[in-house]
Amino acid sequence: MSINRRAFALALVVASGLLLSACGKKEESAAGRSVGADGAQPVYVVGTDAAYAPFEFETDTRQIAGFDIDVMKAVADKAGISVRFINTPFEGIFNSLIQGDRDILISAITITDERRKQMDFSAPYFEASQLIAVPLNSNVKTFDDLKSLKVGVQTATTGDEVVQQLMGKNNPSVKRFEGTPLAMKELEAGGVDAVVADNGVVVNFVTNNPDAKLRTVSDSSFPKEYYGIAVRKGDTELLGKINKGIEAIKADGTYDAIFARYFGKKS
């Protein structure tokens, strides 16, 4: 009986230890952030899909760079927080935040009512709209002209949503890609007739790839969109710091300098 009791007690201790360990891991995952070198300052993990130039992209040395990255670094500096970036495919980027693998998302994310149900957004930091890319010899003049064509979009983006509204969610003529640059390359190769995506990305590709022989088409039916930095629902302390950071970089000219670096000076 004594041996059995001892064995039972030992098993109980081991089981308790495993339970505590599991709880600890879950808590760490829920926090979604690592501890800084000083052991106290948290490092917030930022998810971004580095395939959306000029907002986020990988350099030749596989460093994540771009307009959004520079904005986030400047905001973090003003907010007094530390961040590190992880390349995260856009298709799963929102789940990575909700599940706790990321603390912050910045990836040309349009603020929408549907997304607000799952996460909280900062004040807007960029105004955008959708833009159509087509070959130079295309007859497309308006968004409605795309109805009978093959249209490329990036999965789960606003471009995907507006094309679904025009052509139907399950329309086989809607071709979805992991990134807008892939969709643009398919357009260049003749695999699709048009691409719909955020104006900054489309203009960047068309400008930097003149041999692709593409042009852009704007349509007044496309509403203005606003990008925001996302955090988990209810993370008010972090959101407050980010909003203060955005306000600070807009007030002291830092934001305008970053904007000019990628898009030229505002008119």
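Scope of the values below: all heavy atoms of this structure, side chains included, with no hydrogens, waters or symmetry mates.
Counting only heavy atoms from C-beta outward, the side chains of Leu146 and Val140 approach each other to under 4.5 Å. Between Ile111 and Pro124, the closest side-chain pair of non-hydrogen atoms falls below 4.5 Å. For the pair Asp49/Asn87, a side-chain contact is recorded, criterion being any heavy-atom separation below 4.5 Å from C-beta on. A heavy-atom distance below 4.5 Å is not found between the side chains of Glu56 and Phe85. Using a 4.5 Å heavy-atom threshold, the side chains of Tyr52 and Gln154 count as touching. With a 4.5 Å cut-off on side-chain heavy atoms, Leu187 and Pro135 count as touching. Here the side chains of Val151 and Val174 are not in contact, with every heavy-atom distance at 4.5 Å or above. By the 4.5 Å heavy-atom criterion applied to side chains, Asn139 and Asp145 are not counted as neighbours.
The NZ atom of Lys78 sits 16.0 Å away from the CD1 atom of Ile242 when rounded to the nearest 0.5 Å. Note that CD1 of Ile229 is 11.5 Å distant from OG of Ser107, once rounded to the nearest 0.5 Å. A distance of 10.5 Å separates OG1 in Thr157 from CD in Glu91, rounded to the nearest 0.5 Å. Leu238 contributes atom CG, which lies 8.5 Å from atom CZ of Arg232 (distance to the nearest 0.5 angstrom). Atom CG of Leu214 is separated from atom CG of Leu136 by 6.5 Å, given to the nearest 0.5 angstrom. Rounding to the nearest 0.5 Å places OG1 of Thr88 at 7.5 Å from CG of Leu105.
Classified by interplanar angle (parallel below 30°, tilted 30° to 60°, perpendicular above 60°), the ring pair Phe67/Tyr262 is perpendicular. Aromatic ring orientation, Tyr227 versus Phe126: parallel (interplanar angle below 30°, classes split at 30° and 60°). Relative ring orientation between Phe90 and Phe94 is described as perpendicular, the plane-to-plane angle rising above 60° on a 0-90° scale split at 30° and 60°.
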Requested in this report: Please assess Phe259 against Tyr125 for the test ring-ring contact (aromatic ring centres under 6.0 Å, His included), listing each intermediate value before the final yes or no.
Outcome: CA-CA 10 Å; Phe259 186 96; Tyr125 69 89; over 10 Å; no
Query raised in the report: Given the rule in the ring-ring contact (aromatic ring centres under 6.0 Å, His included) test, do Phe143 and Phe222 qualify, once you have shown the distances and angles that lead to the verdict?
Result: CA-CA 9 Å; Phe143 185 46; Phe222 290 137; 4.8 Å; yes
**Report entry** Test log, rule side-chain contact (heavy atoms from CB on, under 4.5 Å), inputs Asp103 and Val231
**Finding:** CA-CA 6 Å; Asp103 301 304; Val231 301; over 6 Å; no
Query raised in the report: After noting the C-alpha distance and the side-chain angles of Arg215 and Val206, does the key distance pass the side-chain contact (heavy atoms from CB on, under 4.5 Å) rule?
Result: CA-CA 7 Å; Arg215 64 181 177 88; Val206 171; 5.9 Å; no
Query raised in the report: Could you walk me through whether Tyr226 and Phe121 pass the ring-ring contact (aromatic ring centres under 6.0 Å, His included) check?
Result: CA-CA 11 Å; Tyr226 298 92; Phe121 281 99; over 10 Å; no
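Looking at every heavy atom in both residues, Lys175 comes nearest to Val192 through CG-CG1, 3.7 Å. Taking every heavy atom of both residues into account, Val202 and Ala133 meet most closely at CG1-CB, 3.8 Å. When all heavy atoms of Gly159 and Val153 are compared, the pair lying nearest together is O-CG1, 3.8 Å. The two atoms that bring Ser122 and Ile246 nearest to each other are OG-CD1, 3.5 Å, heavy atoms only. In terms of heavy atoms, Gly66 sits closest to Phe57 at CA-CE2, 3.5 Å.
Taken together through direct or relayed side-chain contacts under 4.5 Å among Ile, Leu, Val, Met, Phe, Trp and Tyr, Ile109 and Val201 form parts of separate hydrophobic clusters. Residue Val83 is grouped with residue Ile69 when hydrophobic side chains (ILVMFWY) are merged at heavy-atom distances under 4.5 angstrom, including chains of intermediate members.
The 12-atom threshold is not exceeded at CD of Glu178, counting heavy atoms of other residues, nucleotides or ligands nearer than 6.0 Å. More than 12 heavy atoms of other residues, nucleotides or ligands sit less than 6.0 Å from atom CG of Asn208.
Side-chain N/O atoms of Asp219 and Ser221 include a donor and acceptor closer than 3.5 Å. When only modelled atom types and interatomic distance are considered, Thr112 and Thr110 share no side-chain donor-acceptor pair under 3.5 Å. Defined by atom type and a distance below 3.5 Å, a donor-acceptor pair is present between the side-chain atoms of Gln130 and Asp198.
Asn171 places a side-chain N or O within donor-acceptor distance of the main-chain N or O of Met167, the cut-off being under 3.5 Å. No side-chain donor-acceptor contact under 3.5 Å links Asn199 to the backbone of Ala128.
Considering Asp256, Thr254, Asp70 in turn, Thr254 is the only one that fulfils the side chain to side chain contact (heavy atoms under 4.5 Å, CB included) rule with Ile249.
Of the charged side-chain nitrogens involved, none lies within less than 4.0 Å of a carboxylate oxygen, so that Lys250 and Glu247 do not count as a salt-bridged pair.
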